[in-house]
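On a predicted model such as this, the values are computed, not experimentally measured, just so you know.
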Amino acid sequence: LHSILSANQTGTYIANVTNEFNCTTSDTLVLDVFELSEVHLGADTTICECDTLTLNAETDASIFNWSLNNDSLNEDGQSLEVNQAGTYAVEVTDNNACSNIDEIVIVFSDPPIIELGADTTICEGEDILLQVPDEGYDYEWYLNQNTLVGSTNVLSTNLAGDYALIATNQDGCKFEDGIELEVAPLPIVDLGADTSLCFQDSIFLFVNNPNMVNYEWYLNDVHLDFAQ
């Protein structure tokens, strides 16, 4: 016994009305309820910093209105390329002027930060530890673009070349750093053959390599700080 009916189903509606004189009349209305255009942007997702992601409304609608954090982007295409974090939404309108909306949250993953330090030089026969703090990433080492055995944050080596370390975090985001390692040859020193001399005599020992930056002399493993 209500004068208002909320209708949301397809069909033929008939209204019978009776006045105070018990007079009755009716009217008929055919209601078509159009299905909304389906729109699905996918599940919330995480992408790597500096990467882009293309959102596709995947619908048969004809009008698109994109927004980021409830602010209109003034974009009206079916797809949208995004490069910043936030909540993206698209409102789609079909030819029947019916609208539907979907949204997706985009999160940017912080990339791994690794630093191998400055290029360096070691002496022939020495080893050096190339390492970064262990943050639980996956590590890949390369020497002159060739993969090395080892997947930890530390690499012991004595080979010259260009080293690269690629770290990958739990979201698949990668970061790379490199270092050039030089191996310097050992200086050549030759005091000659073992020899002997008479008591109170002396002999001059000399290094036949005048281009060294430092010379140190020892007698029976004791440093001779007066030697020139």
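- For the residue pair S72 and N65, the shortest heavy atom distance occurs at OG-OD1, 3.7 Å.
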Side-chain donor-acceptor distances from residues 90-111 under 3.5 Å, at least two apart:
unit_1	atom_1	unit_2	atom_2	d
T93	OG1	S99	OG	2.9
D94	OD1	N96	N	2.9
D94	OD1	A97	N	3.2
D94	OD1	C98	N	3.0
D94	OD2	S37	OG	3.4
N95	OD1	S62	OG	3.2
N100	ND2	S37	O	3.1
D102	OD2	L41	N	2.7
S109	OG	N169	ND2	3.0
S109	OG	D171	OD2	2.7

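- Here the shortest heavy-atom pairing between Y88 and L80 reads CD2-CD2, 3.9 Å.
- Hydrophobic cluster membership differs between I14 and V17, with clusters built from Ile, Leu, Val, Met, Phe, Trp and Tyr side chains linked at under 4.5 angstrom.
- When hydrophobic residues (I, L, V, M, F, W, Y) are linked wherever their side-chain heavy atoms come within less than 4.5 Å, the members clustered with F175 are I114, L116, I122, I128, L130, V132, Y137, Y139, W141, L143, L148, L155, L159, Y163, L165, I179, L181, V183.
- Interatomic distance, T10 OG1 to D32 CG, rounded to the nearest 0.5 Å: 5.5 Å.
- Annotation: side-chain hydrogen bond (donor to acceptor under 3.5 Å, both in side chains) contacts involving residues 114-133, sequence neighbours excluded, comprise D127-N158.
- Shown here are the side chain to side chain donor-acceptor pair (under 3.5 Å) partners of N19, two or more places apart in sequence or in another chain: there are none.
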Subject >> Test side chain to side chain contact (heavy atoms under 4.5 Å, CB included) applied to Q84 and L68, step by step >> reply: CA-CA 10 Å; Q84 57 180 307; L68 170 60; 3.6 Å; yes
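- Under a 4.5 Å side-chain heavy-atom criterion applied to ILVMFWY residues, the cluster that includes I113 comprises that residue alone.
- Across every non-hydrogen atom of A7 and L31, the tightest pair is CB-CD2, 3.9 Å.
- You'll find the side chain of C123 reaches within 4.5 Å of the side chain of L186, heavy atoms only.
- L224 and F206 are not part of a single hydrophobic cluster, where members link through side-chain heavy atoms under 4.5 Å apart.
- Smallest separation of non-hydrogen atoms from E216 and Y218: OE1-OH, 3.5 Å.
- In this structure, L55 is a member of the same hydrophobic cluster as L73, with clusters built from ILVMFWY side-chain heavy atoms closer than 4.5 Å.
- Checked against ring pair (Phe, Tyr, Trp, His ring centres under 6.0 Å), F21 has no partners two or more places apart in sequence or in another chain.
- Here E140 pairs with Y142 under the side chain to side chain donor-acceptor pair (under 3.5 Å) rule; sequence neighbours left out.
- Taking NE2 from H40 and OG1 from T59, the interatomic distance works out to 12.5 Å, rounded to the nearest 0.5 Å.
- How far CG of D221 is from NE2 of H223: 12.0 Å, rounded to the nearest 0.5 Å.
- A donor-acceptor pair under 3.5 Å links the side-chain atoms of N144 to the main chain of D162, judged by distance alone.
- Between the CD1 atom of I166 and the NZ atom of K174 there is a distance of 6.5 Å, given to the nearest 0.5 Å.
- Residues V207 and W217 are in side-chain contact: their nearest non-hydrogen atoms beyond the backbone lie under 4.5 Å apart.
- V30 belongs to no multi-residue hydrophobic cluster, having no ILVMFWY side-chain contact under 4.5 Å with any other such residue.
- For N56, the side chain to side chain donor-acceptor pair (under 3.5 Å) partners at least two apart in sequence or on another chain are Q78.
- Here D134 contributes atom CG and N153 contributes atom CG; the two are 4.0 Å apart, rounded to the nearest 0.5 Å.
- Among residue pairs with one or both ends in residues 177-206, none qualify as side-chain hydrogen bond (donor to acceptor under 3.5 Å, both in side chains); sequence neighbours excluded.
- Legend: residues meeting side chain to side chain donor-acceptor pair (under 3.5 Å) with T24, ordered by chain and number and at least two apart, are T18.
- Residue I4 belongs to no hydrophobic cluster, having no ILVMFWY side-chain heavy atom closer than 4.5 Å to its own.
- Linking Ile, Leu, Val, Met, Phe, Trp and Tyr whenever their side-chain heavy atoms come within less than 4.5 Å leaves I188 and Y215 in two separate clusters.
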